[in-house]
2 protein chains.
Amino acid sequence: MSSSKRSKPQKPGRAASISDVARESGVSIFTVSAVVNNKSHVGKDLRERVENAIRKLNYRPNLIARSLIKQKTQTIGMIVPDIVNPFFPMVVRGAEDAAQKHGYNLLLCNSDDSLAKEETAIELLLSKRVDGILLTKAAGEFSPALHKTIQEVNIPFVLVMRTYPTLTKDAVITDDYQGAYEAVCHLARSGRSRIGLISGPLRISNAKERWRGFRDALEEKKLPYEPELVVEGDYRIESGFRAGHALLSHRPDGIYVANHLMTIGLLQAVEEMGLKCPEDFGLVSFDDYPWLGVFRPRLTTVELPKHQLGSEAAELLIQRIGGNHGKPVLKKLLPELRIRESCGFAQFVSAEHRRAAPSEPSDVSLVNK
Amino acid sequence: MSSSKRSKPQKPGRAASISDVARESGVSIFTVSAVVNNKSHVGKDLRERVENAIRKLNYRPNLIARSLIKQKTQTIGMIVPDIVNPFFPMVVRGAEDAAQKHGYNLLLCNSDDSLAKEETAIELLLSKRVDGILLTKAAGEFSPALHKTIQEVNIPFVLVMRTYPTLTKDAVITDDYQGAYEAVCHLARSGRSRIGLISGPLRISNAKERWRGFRDALEEKKLPYEPELVVEGDYRIESGFRAGHALLSHRPDGIYVANHLMTIGLLQAVEEMGLKCPEDFGLVSFDDYPWLGVFRPRLTTVELPKHQLGSEAAELLIQRIGGNHGKPVLKKLLPELRIRESCGFAQFVSAEHRRAAPSEPSDVSLVNK
DNA sequence: CAGCAGCAGCTAAACGTTTTGAAACACGCC
DNA sequence: GGCGTGTTTCAAAACGTTTAGCTGCTGCTG
């Protein structure tokens with residue numbers, strides 16, 4: 001029953017390995033492996049012996065060794081600017097849910113929107129041989145070396161929430177043009193005519209799109225585009241505060257803010273300046289959160305499907321990992337205007353304006369759910 | 001210079017391996033390894049040859065193989081109930097920062113406070129041979145099997161934010177007893193005498209501690225403990241809303257809410273019932289967030305050092321991984337009372353009451369920074 | 001009874017690293 | 001010339017899996 005064949009005993013401090021189980025149950029490694037991955041080719045008696053040994057030794061297959069030979073780690077790398085930015089937890093959660101469903105795990109990195117950190121993170125993930133990478137690109141260009149690496153390396157990338165023109169990869173984003181367009185149309189319909197924008201950094205693709213939507217809606221509504229009513233922030237609270245001061249000094253009667261954190265900053269500026277919303281100006285913010293329920297006035301916002309963003313990106317990535325080599329896909333998720341009080345009380349707003357945005361490169365699909 | 005020795009050519013679709021580099025530069029694998037990990041023992045000429053080959057082949061060491069042989073993955077598993085709960089992103093960020101500093105990565109899992117998911121996650125992390133696990137325990141008991149596994153397995157665990165009595169492991173938590181105590185004392189000092197509590201699930205260690213702090217502060221201030229003024233929620237918005245309705249119907253003149261999400265729910269109930277804070281009741285909430293700046297009245301809260309919580313936990317874990325086998329440590333971080341408007345305007349509050357909480361088992365250290 | 005198919009189980013080679021022991025060589029010292 | 005002492009390099013054994021290819025065995029077919 002037991003080992004007379006040349007085989008080392010179990011190392012002391014170490015977890016049981018497959019060969020320990022084999023020795024314990026008097027079968028070959030092959031048989032243990034077959035039992036673990038329950039292949040059919042194992043007789044009932046042996047299978048039982050092996051299972052007992054597994055329980056006895058508390059054996060747990062070493063997925064590192066498995067990864068090495070299978071050339072798959074069942075791990076996805078995910079790089080976000082900052083998990084503390086309330087936008088991202090839900091995206092990460094979406095990705096994790098989808099990943100989990102397919103037996104993958106998430107290796108999480110924060111880039112702080114720094115190119116250097118982004119590069120380090122990508123290099124590390126590649127070295128760790130993740131099966132794919134979900135990337136919310138930091139503002140700015142890849143270094144040429146990294147760009148080359150990414151194009152050549154054999155694992156799929158899916159861009160999340162931000163596109164990156166010179167990279168022909170899949171991307172899952174929200175239809176920011178459309179969201180901004182609707183936001184501004186809503187401001188216009190509620191009677192505002194001098195509408196300002198607090199924008200994100202225009203080097204970031206979605207900030208640019210939101211700006212485009214803003215501009216086009218203005219044009220559509222025959223309203224003037226006044227450059228001094230457009231202030232560029234960096235998506236953070238502090239910049240919303242500063243931008244708010246700058247913008248409000250020109251007394252716009254409507255403001256569209258391109259993200260939630262800057263809205264928080266803006267509202268602080270508003271209070272300092274003793275202004276009232278919606279009396280003095282109408283406000284539409286981007287992105288919805290549970291705690292907005294206690295803001296007064298209740299904010300009208302354009303909600304982005306954050307969870308879906310993450311889950312669709314992960315699903316797509318996993319498809320690619322599975323070997324679906326098709327043309328790069330650009331998937332745009334539809335945002336949803338949620339009308340509350342910050343533009344004055346709910347005008348009757350028809351759904352009429354929900355049309356697809358003039359769309360971009362390659363394969364564009366407009367989907368929700 | 002080149003290969004006449006038996007050595008396979010580079011596989012087509014695959015990344016270059018160390019032996020490809022060795023072949024390309026006409027040296028042995030050993031030498032390449034030495035160059036990569038820049039050991040000193042390599043001659044200048046050879047080193048250069050090898051470095052060129054590395055660049056040419058775009059070689060990137062395979063950390064999976066390295067992990068297999070070194071029995072270290074440089075990866076930490078982190079299990080939180082839900083990254084979407086705004087408490088956790090900052091904790092995760094703290095952990096990630098510390099991990100990164102020491103060359104570790106974070107594998108993130110959500111347990112949804114479900115024992116089943118927690119167990120699955122732990123099993124998976126163990127199979128993936130993470131070097132250690134950061135765990136915010138789900139409410140409830142480990143299954144006996146899992147409990148045994150955790151005690152026996154050779155990798156360190158650090159509990160984050162929640163302790164678990166039958167497990168002799170390290171833990172990093174906030175001093176919730178002290179935080180609650182201070183919160184209630186502040187309510188008392190601002191003249192409230194019928195103080196209510198919206199508590200977390202009392203099976204969770206920190207909820208219990210907060211309850212104890214609440215009770216003891218009441219006693220200390222010679223105020224009555226009225227059972228109908230204590231309502232147990234589940235740390236989520238909805239439960240705060242329901243608990244708020246239940247609690248407010250008894251007309252307390254002070255409320256301490258044990259976490260942020262339940263505060264959001266409570267405030268919705270408050271508005272529905274047409275009550276005013278701080279006129280009708282004083283409020284102290286737990287945990288501070290940037291967006292609280294726009295809540296009215298400005299909330300007085302007990303801030304928990306979330307980032308530090310994560311980073312200290314990770315630091316401790318990494319120490320353990322590094323071989324520091326000492327007695328289990330319980331590290332308590334001090335919370336900070338931030339007085340704003342929700343108990344009436346800033347009474348003069350002395351720092352006098354900042355004393356250490358009567359402390360618990362084993363090695364307790366009280367630290368901040 | 002030869003031949004064959006099918007099954008259960010085995011051996012051994014891979015996966016890409018690190019690391020141990022030893023070889024090859026130069027150098028200086030007696 | 002013999003011998004220690006380094007230095008540089010190497011070959012080969014590990015790490016814990018999966019899996020291709022093989023070996024017997026059993027029973028069926030002609």
Side-chain angles (χ1 to χ4, degrees), chain A residues 3 5-50 54 57 59-74 126-129 154, chain B residues 1 3 5-50 54 57 59-74 126-129:
Chain A
S3 55
K5 324 188 163 182
R6 269 276 121 285
S7 62
K8 338 262 151 65
Q10 182 173 357
K11 296 276 173 65
R14 249 175 225 180
S17 81
I18 197 171
S19 60
D20 297 323
V21 177
R23 186 159 9 85
E24 174 73 22
S25 49
V27 302
S28 80
I29 284 180
F30 167 85
T31 306
V32 178
S33 175
V35 170
V36 169
N37 304 323
N38 50 17
K39 301 282 169 65
S40 52
H41 324 279
V42 179
K44 193 141 179 293
D45 43 342
L46 273 202
R47 157 162 273 131
E48 215 155 274
R49 280 231 303 280
V50 171
I54 287 178
L57 299 180
Y59 168 70
R60 195 184 319 281
N62 182 329
L63 297 188
I64 293 295
R66 171 132 74 201
S67 292
L68 182 57
I69 192 146
K70 290 206 139 177
Q71 308 275 47
K72 291 280 170 221
T73 51
Q74 300 292 114
L126 292 178
S127 285
K128 286 209 167 169
R129 297 298 194 264
N154 210 7
Chain B
M1 186 138 300
S3 55
K5 328 188 162 183
R6 270 279 120 282
S7 62
K8 339 261 149 65
Q10 183 172 356
K11 296 277 173 64
R14 248 175 227 180
S17 81
I18 197 172
S19 61
D20 296 324
V21 176
R23 186 158 11 83
E24 174 72 24
S25 47
V27 302
S28 81
I29 285 181
F30 166 86
T31 307
V32 178
S33 175
V35 170
V36 169
N37 304 324
N38 49 18
K39 300 283 169 65
S40 50
H41 324 278
V42 179
K44 191 138 180 297
D45 45 343
L46 273 201
R47 157 161 273 131
E48 214 155 275
R49 280 232 303 282
V50 170
I54 286 178
L57 298 181
Y59 169 70
R60 195 185 318 281
N62 182 330
L63 297 188
I64 293 296
R66 171 132 70 197
S67 292
L68 182 58
I69 193 147
K70 291 207 139 178
Q71 307 274 50
K72 291 280 169 221
T73 51
Q74 300 292 113
L126 292 178
S127 285
K128 285 208 167 166
R129 296 300 194 262

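Letters go in sequence order (proteins before strands), and every chain restarts at 1.
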Is there a donor-acceptor pair under 3.5 Å between the side chain of [X] and the backbone N or O of [Y]?
{"X": "B:K128", "Y": "B:T73", "value": "no"}
{"X": "B:N62", "Y": "B:I64", "value": "yes"}
{"X": "A:S67", "Y": "A:K72", "value": "yes"}

Q) Considering all heavy atoms of both residues, which atom of B:S127 and which atom of A:R60 are nearest to each other, and what is their separation? A) OG-CG, 3.0 Å
Q: Quick one, give me the B/S/- string for nucleotides 16-21 of chain C, reading 5' to 3', where B means a protein heavy atom under 4.0 Å from the base and S means that only happens at the primed atoms, P, OP1 or OP2.
A: BBBBB-
Nearest 0.5 angstrom please: [X] [atom1] to [Y] [atom2], how far?
{"X": "A:D20", "Y": "A:E24", "atom1": "CG", "atom2": "CD", "answer": "9.0 Å"}
{"X": "B:L46", "Y": "B:S25", "atom1": "CG", "atom2": "OG", "answer": "8.0 Å"}
{"X": "A:Q71", "Y": "B:R14", "atom1": "CD", "atom2": "CZ", "answer": "4.0 Å"}

Q: Could you pull out all residues at least two apart from B:S28 that satisfy side chain to side chain donor-acceptor pair (under 3.5 Å)?
A: B:T31
**Q.** Contact under 4.0 Å: A:T31 side-chain N or O vs C:dC10 OP1/OP2
**A.** yes
Q) the helix from C:dC1-D:dG30 to C:dC30-D:dG1: angle between its terminal axes, five pairs each, to 10°? A) 70°
Q) C:dC10 P sits how many Å from A:H41 NE2, rounded? A) 14 Å
